[in-house]
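So the structure is just underneath, and the comments pick up after that.
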Amino acid sequence: MNKREKLYEGKAKVLWTTDSPEHMVQEFKDDATAFDGTKHAVVQGKGQFNNAISSRLFEMLRDAGIRTHFVRKLSEREMLVERLQMLPVEVVVRNSAAGSIVKRLGATPGARFDPPLVEFFLKNDALHDPLITDDHIRALGLAPAGAAAQMRERALEINDVLRRFLAGRGVDLVDFKLEFGMKGDELVLGDEVSPDTCRLHDAATGRIMDKDRFRQDLGGFMEAYGEVLDRVAS
Ligand code: 5GP
């Protein structure tokens, strides 16, 4: 499938049109950003790791019956995906407290959420991705009727599958962010599932194996991504 025009360039990925109106190429860049893009670095190898990890996790989710946009891995940095009408909503699932829920709501770091917590955020850099409710999604027309409830349900299903898969590989899934899109009337998982979008801790030691290593200047950033790839590839 040939790439044609650059349709969209984000902080970590580029989307290209292809010869097929139904398909796009999703290319993973080496750029790492945090804190609304105010922290930025180019980290050699990140694009390849995220493409490989995300491809593997999308395949695994597909095998578990979850509808995703993933078609196949095309190259080291590229995957072929179905074209979706993306919804401007980030869906976060939390199994335990870390990150913004600690800062924003004073949750105790590491406290377990059982059942897992689902949050919606408006995807809008200028507004700093504010927390929104399903009523906001409906009132602002951010998604078709019923999609908020469906995203919540689907996100919890994905959490069950992903958490079990990673636990079997010695990785604790703390939290993660999903983005969905519509293909006609169908809700489909888009974007990526990678250590950029998930908090992953080594189950035995608690060692951080995700983008928090970059956010917090912990060092060993790409080594951790390489280890996540080794674990999920098995
Ligand atoms: P938090 O709300 O604690 O900042 O993030 C919760 C989870 O969602 C973390 O795993 C984090 O990596 C992911 N996440 C939330 N917002 C974004 C975002 O804008 N970009 C990326 N890459 N991940 C995000």
Side-chain angles (χ1 to χ4, degrees), residues 8-15 26-43 46-47 49-51 53-54 57-58 79 86-113 116-133 137 142 151-152 154-156 158-159 162-163 165-166 171-181 189-203 206-218 221-222 224-225 228 232:
Y8 169 80
E9 178 155 7
K11 288 179 286 228
K13 297 189 292 296
V14 186
L15 284 172
Q26 177 161 266
E27 178 187 342
F28 290 75
K29 304 197 291 186
D30 280 342
D31 297 67
T33 64
F35 313 121
D36 276 342
T38 53
K39 179 169 180 167
H40 175 259
V42 175
V43 186
K46 186 171 88 81
F49 281 132
N50 277 352
N51 188 36
I53 295 166
S54 211
L57 294 178
F58 275 135
M79 61 168 67
M86 292 305 290
L87 304 176
V89 175
E90 298 186 342
V91 184
V92 168
V93 181
R94 299 181 193 274
N95 293 305
S96 55
S100 72
I101 197 155
V102 173
K103 273 197 234 116
R104 200 163 16 86
L105 300 179
T108 305
R112 302 298 293 181
F113 297 119
L117 176 64
V118 180
E119 296 174 326
F120 298 115
F121 295 87
L122 178 66
K123 192 173 161 67
N124 184 319
D125 280 343
L127 298 176
H128 311 293
D129 294 352
L131 183 71
I132 54 174
T133 67
I137 294 177
L142 302 175
M151 284 194 283
R152 185 188 147 73
R154 195 73 60 83
L156 287 169
I158 292 167
N159 183 47
L162 201 53
R163 186 153 66 154
F165 176 83
L166 291 168
V171 178
D172 183 24
L173 179 62
V174 175
D175 60 28
F176 59 99
K177 181 260 307 179
L178 302 172
E179 295 184 26
F180 291 92
L189 178 64
D191 195 49
E192 67 182 295
V193 182
S194 75
D196 268 17
T197 60
C198 302
R199 283 199 173 91
L200 305 170
H201 293 179
D202 179 74
R207 188 167 40 91
I208 294 171
M209 304 172 75
D210 57 62
K211 200 165 100 174
D212 275 350
R213 297 206 77 85
F214 172 72
R215 295 186 185 102
Q216 299 173 25
D217 290 320
L218 298 176
F221 181 33
M222 278 310 97
Y225 279 42
V228 171
V232 303

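Counting starts at 1 for both ligands and their atoms, following the listed order. What's counted below: heavy atoms across the whole structure, side chains too, no hydrogens, waters or symmetry copies.
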Please list, by chain and number, the protein residues whose heavy atoms come under 4.0 Å of ligand 1.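 Shell around ligand 1 (4.0 Å, heavy atoms): Glu90, Val92, Arg94, Ala98, Gly99, Ser100, Asp129, Asp175, Phe176, Lys177, Asp196, Thr197, Cys198, Arg199, Lys211, Arg215.
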Checking Phe58 now: which residues fulfil ring-ring contact (aromatic ring centres under 6.0 Å, His included) with it, not counting sequence neighbours?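 Expected list: His69, Phe70.
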Please list, chain by chain and in numerical order, all residues satisfying salt bridge (charged side-chain N to carboxylate O under 4.0 Å, His left out) with Glu179, sequence neighbours excluded.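 Glu179 satisfies salt bridge (charged side-chain N to carboxylate O under 4.0 Å, His left out) with Lys123, Lys177 once adjacent residues are dropped.
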Among residues at least two apart in sequence or on other chains, which ones pass salt bridge (charged side-chain N to carboxylate O under 4.0 Å, His left out) with Asp212?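 Checked Asp212 against salt bridge (charged side-chain N to carboxylate O under 4.0 Å, His left out); matches are Arg199, Arg215.
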Does NZ or CZ of Lys39 come closer than 6.0 Å to the centre of the six-membered ring of Phe214, within 45° of the ring's axis?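 Yes; both conditions hold, so Lys39 lies above the ring face of Phe214.
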Is the shortest heavy-atom distance from the side chain of Arg94 to the side chain of Pro116 under 4.5 Å?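 Heavy-atom side-chain distance check fails, nothing below 4.5 Å.
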Basic-acidic side-chain contact under 4.0 Å: Arg112, Asp172: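 Between Asp172 and Arg112 there is a salt bridge, with a charged N closer than 4.0 Å to a carboxylate O.
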